[in-house]
Number of protein chains: 2
Amino acid sequence: MDRIEGLIGKWEVQVRKGLLEFVILLALHEREQYGFELMSGVARRASLDVPEGTLYPLLLRLSKDALVSSRFEPGDGGAPRKYYALTPEGRTALRAMIASWTRLNHAVSHMIAGAYR
Amino acid sequence: MDRIEGLIGKWEVQVRKGLLEFVILLALHEREQYGFELMSGVARRASLDVPEGTLYPLLLRLSKDALVSSRFEPGDGGAPRKYYALTPEGRTALRAMIASWTRLNHAVSHMIAGAYR
DNA sequence: ATCAATACCTTGCAAAGCAAGGCATAGGCC
DNA sequence: GGCCTATGCCTTGCTTTGCAAGGTATTGAT
């Protein structure tokens, strides 16, 4: 069943679309963070690996949409860090996403329960 | 906040990626169904509108990947219907998706709870 | 000076959702 | 027969995202 594993892998990539944006905003709701910090935090707390090639374009989009703001700060013995924080609009969007996600999740849970009842 | 509504709308489109495939497979796990039946059933039971331009390419992909099989049957006073059913491989894939989704969902729920604690 | 670690960014490709439009079948009606 | 409507399936073109691969800049240690 190696073929199916491949299919599931591709499916998981699709499921991550949108979800990663959601998770990053959730992480930033707690506190301002910079790129690497977000990657390690999300990996630790949600077991979600967000590669750099995904994270940075995502953060650029969020900035362009004004859901997050950013500022540079000298790094702790390393390259300078770009800290991201939620804007008020970002908080509004996050609330809407949580509502939407919760609704979706209930619907899916209901269907899982129904399928195996 | 009309702009944010637009952003959320686009976000929801992204979140549906992969999720619709999952929901269709769940629906087919209960019983064999044809296209329109899937659309109305999923709309009713999960409040998810799956437009035709999404559904039929999706079903074609599932067929090509051999997760579902299909057969034509004369319609009940109308055009012939194409009935889809899960294959054994489809059932295997569905089990894997449920496991993956459940895991993801716990992670996200945890982050939502953490963000607003 | 060189090396490694930290940290950010860009490019090119694959994949999905969707609006818009098209095609075919069947039955009812004149 | 000819026309209309409803049912039902499919295709095209566009947008958006995730990601691997590779690149750049800063800092401190050897």
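The model shown is predicted, which means the values in this text are computed figures rather than measured ones. Chain letters run A, B, ... following the sequence lines, proteins first and then strands; every chain starts at 1.
- Across all strands, A/Leu55 comes closer than 4.0 Å to no nucleic acid atom at all (heavy-atom distances).
- Look at B/Glu37 and B/Arg81 and you find no salt bridge, because none of the NZ, NE, NH1 or NH2 atoms lies under 4.0 Å from a carboxylate O.
- For A/Arg45 and A/Glu30, the salt-bridge test passes: some basic side-chain N is under 4.0 Å from an acidic carboxylate O.
- The distance from atom OH of A/Tyr56 to atom P of C/dA7 is 8 Å, rounded to the nearest whole Å.
- Taking atom CE on A/Met39 and atom P on C/dA5, their separation rounds to 16 Å, with Å as the unit.
- Taking side-chain N and O atoms only, B/Arg81 has no distance below 4.0 Å to OP1 or OP2 of D/dC9.
- As a whole-Å value, the separation of B/Glu73 CD from C/dA24 P is 22 Å.
- Comparing B/Gly18 and A/Gly53 along DNA chain C, the residue whose closest nucleotide (by nearest heavy atom) sits nearer the 5' end is A/Gly53.
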Could you walk me through whether B/Val68 and B/Leu25 pass the side chain to side chain contact (heavy atoms under 4.5 Å, CB included) check?
CA-CA 8 Å; B/Val68 303; B/Leu25 290 177; 4.0 Å; yes
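- Remark: B/Arg61 is in phosphate contact with C/dG17, judged by side-chain N or O atoms under 4.0 Å from OP1 or OP2.
- Spacing between atom CD of B/Glu12 and atom C1' of D/dT17 amounts to 16 Å, rounded to whole angstrom units.
- An OP1 or OP2 oxygen of C/dC9 is reached within less than 4.0 angstrom by a side-chain nitrogen or oxygen of A/Lys82.
- For B/Pro51, the side-chain atoms get nearest to C/dA19 when compared with the rest of C/dT10, C/dT25, C/dA19.
- If you check C/dG17, D/dA25, D/dG8 against the side chain of B/Leu20, the one that comes closest is C/dG17.
- For A/Phe22 and D/dT16, the CZ to P distance is 21 Å, given to the nearest whole Å.
- For the pair B/Phe72 CZ and D/dC9 C1', the interatomic distance rounds to 7 Å; values are reported in whole Å.
- At the heavy-atom level, B/Leu59 lies nowhere under 4.0 Å from the strands shown.
- Where A/Gly77 and B/Leu19 each meet DNA chain C at their nearest nucleotide, the meeting point lying more 5' is that of A/Gly77.
- Projected onto DNA chain D by closest heavy-atom contact, A/Lys17 and A/Pro80 fall at different nucleotides, the more 5' of which corresponds to A/Lys17.
- Minimum atom distance to the side chain of A/Leu58 is reached by D/dG18, of the listed C/dA7, D/dG18, C/dC18.
- With rounding to whole Å, A/Leu48 atom CG is found 18 Å from D/dT17 atom P.
- Closest to the B/Arg16 side chain, of the nucleotides C/dC18, C/dC8, D/dC19, is C/dC18.
- Between B/Thr54 and C/dG17, a side-chain N or O to OP1/OP2 separation shorter than 4.0 Å is absent.
- Between B/Arg71 and B/Glu32 there is a salt bridge, since at least one side-chain N of the basic residue sits less than 4.0 Å from a carboxylate O of the acidic one.
- B/Ser109 places a side-chain N or O within 3.5 Å of a backbone atom of B/Asn105 that can act as its donor or acceptor partner.
- Considering only side-chain atoms of A/Gln14, the nucleotide from D/dA25, C/dG17, C/dA15 that sits closest is C/dA15.
- Atom OH in A/Tyr34 sits roughly 16 Å away from atom C1' in D/dA25 (whole-Å rounding).
- Contacts of B/Pro74 with the nucleic acid, taken as non-hydrogen atoms under 4.0 Å apart, are absent.
- Within 4.0 Å (heavy atoms only), B/Tyr84 reaches sugar-phosphate atoms of the nucleic acid but no base atom.
- A donor N or O paired with an acceptor N or O is found under 3.5 Å between the base of D/dC9 and the side-chain atoms of B/Glu52.
- Both B/Tyr83 and B/Leu58 are part of a single hydrophobic cluster, where members link through side-chain heavy atoms under 4.5 Å apart.
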